Structure formats: C-alpha cells, structure tokens
*Asks:* 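This structure is in structure tokens; I'll ask about it shortly.
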Amino acid sequence: MQDIFYFGAGPATLPRPVLEKIRREFLNCRGTGLSVIELPHRGEVFSGIRKDAESLLRELMQIPEDYAVLFMHGGATGQFSMLPLNFLGSGRSADYVCTGYWSARAAEEAKRLAGVREIHALHEEDGLSIAPEREWSLDPQATYLHYCDNETVEGIAFPGIPDTPRGSLVCDMTSSVLMRPVEISRFAVLYAGAQKNLGIAGLCVVIIRKEWVDLVNEQVPRLNDYRRCAREQSMVNTPPVFAIYVLQVLLDWVKGQGGVQVMHERSLRRAGILYGVLDSSQLYRNRVVKKFRSRINVPFEIRGKGLQELFLAEAGQNGLHGLRGHRSAGGIRASLYNAMPDAGVERLAEFMRDFEIRHLDRHVSG
Ligand code: PMP
C-alpha cells in the first residue's frame, strides 16, 4: 500500500513516530500496566506527564517565568467565550481585529458577552491582504486587542507580531503555534487549540501573563476561570488526560527534531515548494498577496470548469487526502503543519504539475 498524506486543516495529521509511540504505550503507560486513559489524573504518573508537557512547552517556546501555562477544555472556540467572561464586562471592552473566518468567529462570540469593537482589516482588492496597523482605529480604553496569527480558512497570516502601541495583545495561534519562534513577552494571552500542531482536538493550551490571571472577573464559571485554572494546575475538574498525554509525546518529538527553529525552516521549505507550483501555474490561483501568504494553510482555486472534483478524486488515488477547502470558502486547501513530511508536499507538487499538464487545455478552452 502506498503512503497516505493527509492535508486536512484539523484534526490534522500527526507525526508517524508520535502515533507509534502512543500505540506502543497505550496498554501499559510508563510501566503501570494501565492505559493513560485509566490513570488517576492526580496520581504520580499522570502528574508527571502533565508537568513534562508544561516544561517541554516552556522550553520549546521559551516561555518566561512570569507566564502561566494552562491546559483547558473546549478547544480554541472555548477561549472565544472565556476571554470576555474573564476580562470584559462592567465597562471593560476589547478590540477585535478581523482578518478572516476565525478572528470573526472570536469577535462574534465576544460580542454576545461584552462591548467589542471590530476592526475589519481584511482587504480584498487586488488579492487578499491585511490593512496596516496604522489604519486600525483602536479604542484607547480597550482592555485587550485580539487577533488571529494565521487564518486557517483563508490562508492569510500576519508576517510578524502586529505593532500596536495600544492594547494588550491576545492572540489565537491555533494553526501556527510551534511553527516559528515567537516572542512571548509581547502578549498578554496566547492560546492554541491542540488539534493541529499540539495533538488532538478538545484541548486548548493557554499561555497567560501571570499578572493577567489576577485581573479576571469575579463571577466566572469555575471551568472557565483562568485564576482558578492556574491555581489548581489545570485540574479544576478531570482534565482531558489523553489529549495532555498526546501533547507531551508530540512536544517530545518536536524537541527531538531540533525544536521550533527547525520546524520553522522546514515550514518555509514546504511552503516554498507549493507556492512555487502555484506561481508558475496557469491553472491554479491563490488569492493572497505574497507578504500575507500563510505558510501553513495554502488555499487555491482551479480555473477549469468541473476540474476541482476531478482534482480531488485523482489526488485521492495518489494517496493525497484532506484537500477540500473549508465549507465556507470552497476550493482546495493544503495544510502543511509540522507533522507533514517533505515527501507529502513533494508528492502533492508533482501531482499538481502533472494534473496541470493533462488538463490545462480544458481551462484554456473552457
Ligand atoms: N482558531 C483557529 C485559527 C482555527 O483554525 C480553529 C480550528 N480550525 C479554531 C480557532 C477553532 O478550534 P476548535 O475547533 O478547537 O474550537
């Protein structure tokens, strides 16, 4: 059987050695004779796993001591409501920079709970781009400024950390975490759902400046309360033990590969291969202005009538799966997270070139 490469945006492919280690340990976790999903969450073995996950993350992301690392339920969407529940209301509001589907979802949820200003920063003329920071009309009183580092649906990303004089930065890094080094001290809160670069769905990793933990509102549901979560080492209730275990195994793999800088270099290389095909093509089209292209989620359209379904079907026959675009956007999308081997992108690039040669006449005549 040929290898299968999975380009889905999330839940995403995991590194093969991580899956194999999980399988090996599944029935006997660390010599206990029990599976990790049976172990007591406050017991020595699972506590060790949780602490290892945290210290690996601290090491890999160089998280300073004055930041807490929380493991919370509810994926990234859970954070969309936890942020306003914890920090907004009673006269406090926030700015939300909207650059695509997920940042808009975050703003929409926050608006249900508090006063929020939306800054529509996605420009659509001459390709998709992000309006420069000087054009954002920010509220000087805003408690925080929320943005999404990499828009998974549109494949548009911030080239760096936005340069804003006002507002403490809160960032959704769900699809880009661990894919390039980040200066944590620039953020008040940084969060990432685990299902792409951190393991499996359901868990959300939150990195929060400790002084912010003390700013939370009084009446926050226990499970959503950052202060309580920090105080109780992410065990306000039974934590998502399997997801935390997978995170630990995955972070160990990232470390073994050489860390975030190595992940970054690989990411640049993979994206270079794919954009190389797109840029030299008459059949495929990516709408994002170069400076804002995501290296992680690469969406494109196929210009010939009826070719998209054929492309997806033929890709599947070549072991290339998960390429259908998000339901709101259509088209094709290839997600290139840390776990995607170079061989996967190379096979996709080769398939795309070959498909173009075979079908370009249909585009030209259609
Ligand atoms: N933010 C971004 C940038 C995402 O890509 C996603 C998931 N695709 C989410 C938030 C939502 O994540 P979850 O499904 O874990 O709530």
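Since this is a predicted model, take the numbers as computed values, not measurements. Position 1 is the first residue of the sequence; numbering continues from there. Start at 1 and go down the list; that is how both ligands and their atoms are numbered.
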*Asks:* Just verifying a value: how many Å separate Met72 CE and Met82 CE, rounded to the nearest 0.5 Å?
*Replies:* 4.5 Å
*Asks:* Looking at non-hydrogen atoms alone, which of Lys196, Met173, His326, Gln79 comes nearest to atom 8 (N) of ligand 1?
*Replies:* Lys196
*Asks:* Check the surroundings of atom NZ in Lys255: do more than 12 heavy atoms from other residues, nucleotides or ligands lie under 6.0 Å from it?
*Replies:* no
*Asks:* Is any NZ, NE, NH1 or NH2 atom of the basic residue among Glu154 and Arg287 found under 4.0 Å from an Asp or Glu carboxylate oxygen of the other?
*Replies:* no
*Asks:* For ligand 1, is any non-hydrogen atom under 4.0 Å from Ala9's backbone (N, CA, C, O), its side chain (CB onward), both, or neither?
*Replies:* neither
*Asks:* If the contact criterion is a heavy-atom separation under 4.0 Å, does Ala201 count as touching ligand 1?
*Replies:* no
*Asks:* Looking only at protein heavy atoms, which one is nearest to atom 14 (O) of ligand 1, and what is the separation?
*Replies:* Gln195 NE2, 3.1 Å
*Asks:* Can we call the ring centroids of Phe87 and Trp212 under 6.0 Å apart?
*Replies:* yes
*Asks:* Could you tell me if any non-hydrogen atom of Glu151 lies under 4.0 Å from any atom of ligand 1?
*Replies:* no
*Asks:* Within the structure provided, determine whether Asp95 and Ile119 are in side-chain contact (heavy-atom separation under 4.5 Å).
*Replies:* yes
*Asks:* List ligand 1 atoms under 4.0 Å from Thr152, heavy atoms only on the residue side.
*Replies:* 2 (C), 3 (C), 4 (C), 5 (O)
*Asks:* Which heavy atom of the protein is the closest neighbour of atom 1 (N) of ligand 1, given with residue, atom name and distance?
*Replies:* Asp172 OD2, 2.6 Å
*Asks:* Could you go through Phe158 and Phe292, starting from their C-alpha distance and side-chain angles, then the distance that decides it, and tell me whether this counts as ring-ring contact (aromatic ring centres under 6.0 Å, His included)?
*Replies:* CA-CA 6 Å; Phe158 279 87; Phe292 300 102; 7.7 Å; no
*Asks:* Decide yes or no on side-chain hydrogen bond (donor to acceptor under 3.5 Å, both in side chains) for Gln257 and Arg266, but give the supporting numbers first.
*Replies:* CA-CA 11 Å; Gln257 296 295 299; Arg266 283 189 196 168; 2.7 Å; yes
*Asks:* Starting from atom 12 (O) of ligand 1, find the nearest protein heavy-atom neighbour and note its residue, name and distance.
*Replies:* Ala76 CB, 3.5 Å
*Asks:* Below 4.5 Å, heavy atoms only, C-beta onward: do Arg295 and Leu336 meet side chain to side chain?
*Replies:* no
*Asks:* Classify the contact between Arg105 and ligand 1 as side chain, backbone, both or neither, using a heavy-atom distance cut-off of under 4.0 Å.
*Replies:* neither
*Asks:* Within a 6.0 Å radius of atom CD on Glu232, are there more than 12 heavy atoms belonging to other residues, nucleotides or ligands?
*Replies:* yes
*Asks:* Any heavy atom of Gly193 sitting closer than 4.0 Å to ligand 1?
*Replies:* no
*Asks:* Does only the side chain of Phe80 get under 4.0 Å from ligand 1, or the backbone, or both, or neither? Count heavy atoms.
*Replies:* side chain
*Asks:* How far is atom 6 (C) of ligand 1 from its nearest protein heavy atom, and which residue and atom is that?
*Replies:* Trp102 CE2, 3.4 Å
*Asks:* Heavy-atom contacts with Cys148 under 4.0 Å: which atoms of ligand 1 show up? List them by number with element.
*Replies:* 3 (C)
*Asks:* For atom 16 (O) of ligand 1, what is the closest protein heavy atom, and at what distance to 0.1 Å?
*Replies:* Thr77 OG1, 2.5 Å
